[in-house]
Amino acid sequence: MKREVPIYTIAVIPGDGIGPEIIEAACAVLQKVADLQGFGINFEQYEAGAGAYQKYGQALSAETLASLRQAEAIFKGPTGLPQVRLPDGTEAGVLGGRLRNGLDLYVNLRPIKLYPNVPSALANRRAGEIDWVMVRENTEGLYASRGNGVVATTGQAATDTLMITRLGTERIVRYAFEEARRRNGKKRVTCVDKSNVLRSFAFFRQIFKEVAQNYPDIEPETMYVDAAAQALVLEPDRFDVIVTENLFGDILSDLGGATVGGIGVCAGANIGDRYAYFEPIHGSAPGLAGTGRANPLAAILAGGLMLNYLGRRDAAAKIEQAVEHAFRQKTIVLKPDGSTETGTQAVAEAILNQL
Ligand code: IPM
Ligand code: MN
């Protein structure tokens, strides 16, 4: 009797700058894991980002967005190029807002984990001591103003508005507590806000406390964002899950990245109730493009997050373990600036061999 092999359709956006190189490396890893675990992946490529904007006048066409909705998951490289800008001065190729709001991907999940032998910007920190996850609200907060800010007709003033809604806060806080349950960690959720100064954040914190009541097995904790910035440097080992507003989450996830070898090893999942996309959290680094030096690990780890989302937990664990072992055995060596000693191809091969 023939057994049906499940095949996942993955929409791939290679993106700009180093995007195509690192996504190709990560797709090879995903393909190998799929072969080993006995399932199929059907990669479909789509043009989107700054390159697409230059070619077609649109960073993301309606047809592409419609196709992305048909896939089981979206695998995305970094998009955007600093010199490709809209008339309002913002970057034309950035897709974050379009995809996150367009597909209602309200969770931005970013694991911050120090791997063995990785140089941390913090002195005396060892693998295992930094292991927390950012649950960044992804559809509102200050970035609700993306593309909607007001510039005074005088040209002498501009405003952006921070929006916190009950529904948006409830669902992200619930996700954070569920994530704390799933994780084999400290079972703690830290709400990061600025409720000592702003009403919007007092509202956020109040909802956090309400939702926390439903999770007696998880310790709720609250912290102001400035104090959190310090604590992430001085005592990163206290954190398990952080839940926060969009802008704060954007900033603190890069700060966290710096403590674990840089954002070159940090992946992010953008998840909603129906759709999701997975990406390295770093940018397109156009200066590095084509040199073969780009670090593909964030993209590879993003592939792991995607497999987890697809319910392929064993396959996801294989990727994570391969990265861990490669660092432990020093077949991959990360330099203090976040680049690897050997380059894109060699890092991908080290992971493929490890698998
Ligand atoms: C991120 C990025 C994006 C964001 C930019 C590139 C639009 O910084 O994903 O963290 O603002 O969220
Ligand atoms: Mn960012």
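Predicted model only: the values in this text are computed from it and were never measured. Just follow the structure's listing: the first ligand is 1, and inside any ligand the first atom is 1.
- The shortest contact between atom 1 (C) of ligand 1 and any protein heavy atom is with Arg110 NH2, 3.3 Å.
- Backbone and side-chain nitrogen or oxygen atoms of Arg146 are examined, and one is located within less than 3.5 angstrom of a nitrogen or oxygen of ligand 1.
- Remark: distances from the non-hydrogen atoms of Val94 to ligand 1 include one below 4.0 Å.
- The distance criterion of under 3.5 Å between nitrogen or oxygen atoms is met by Arg136 with respect to ligand 1.
- Note: Phe177 and Tyr215 have parallel aromatic rings, judged against thresholds of 30 and 60 degrees for the angle between ring planes.
- When heavy-atom distances to ligand 1 are checked against a 4.0 Å cut-off, Arg100 comes that close only through its side chain, counted from C-beta outward.
- For atom 8 (O) of ligand 1, the closest non-hydrogen atom on the protein side is Asp250 OD1, 3.3 Å.
- Phe278 and Tyr309 have tilted rings, their planes meeting at an angle from 30° to 60° on a 0 to 90° scale.
- Salt bridge Arg205/Asp193: present, at least one basic N to carboxylate O contact under 4.0 Å.
- Remark: the Arg125 side chain and the Ser120 side chain contain no N/O donor-acceptor pair separated by less than 3.5 Å.
- Applying the 4.0 Å criterion to heavy atoms of Tyr143 picks out, from ligand 1, the atoms 11 (O).
- With respect to the Mn ion (ligand 2), Asp250 has OD1 as its nearest N, O or S atom.
- Taking the ring centre of Tyr175 as origin, the terminal cationic atom of Arg182 falls inside the region bounded by 6.0 Å and 45° from the ring axis.
- Using a 4.0 Å cut-off between charged nitrogen and carboxylate oxygen, Asp226 and Lys194 count as a salt-bridge pair.
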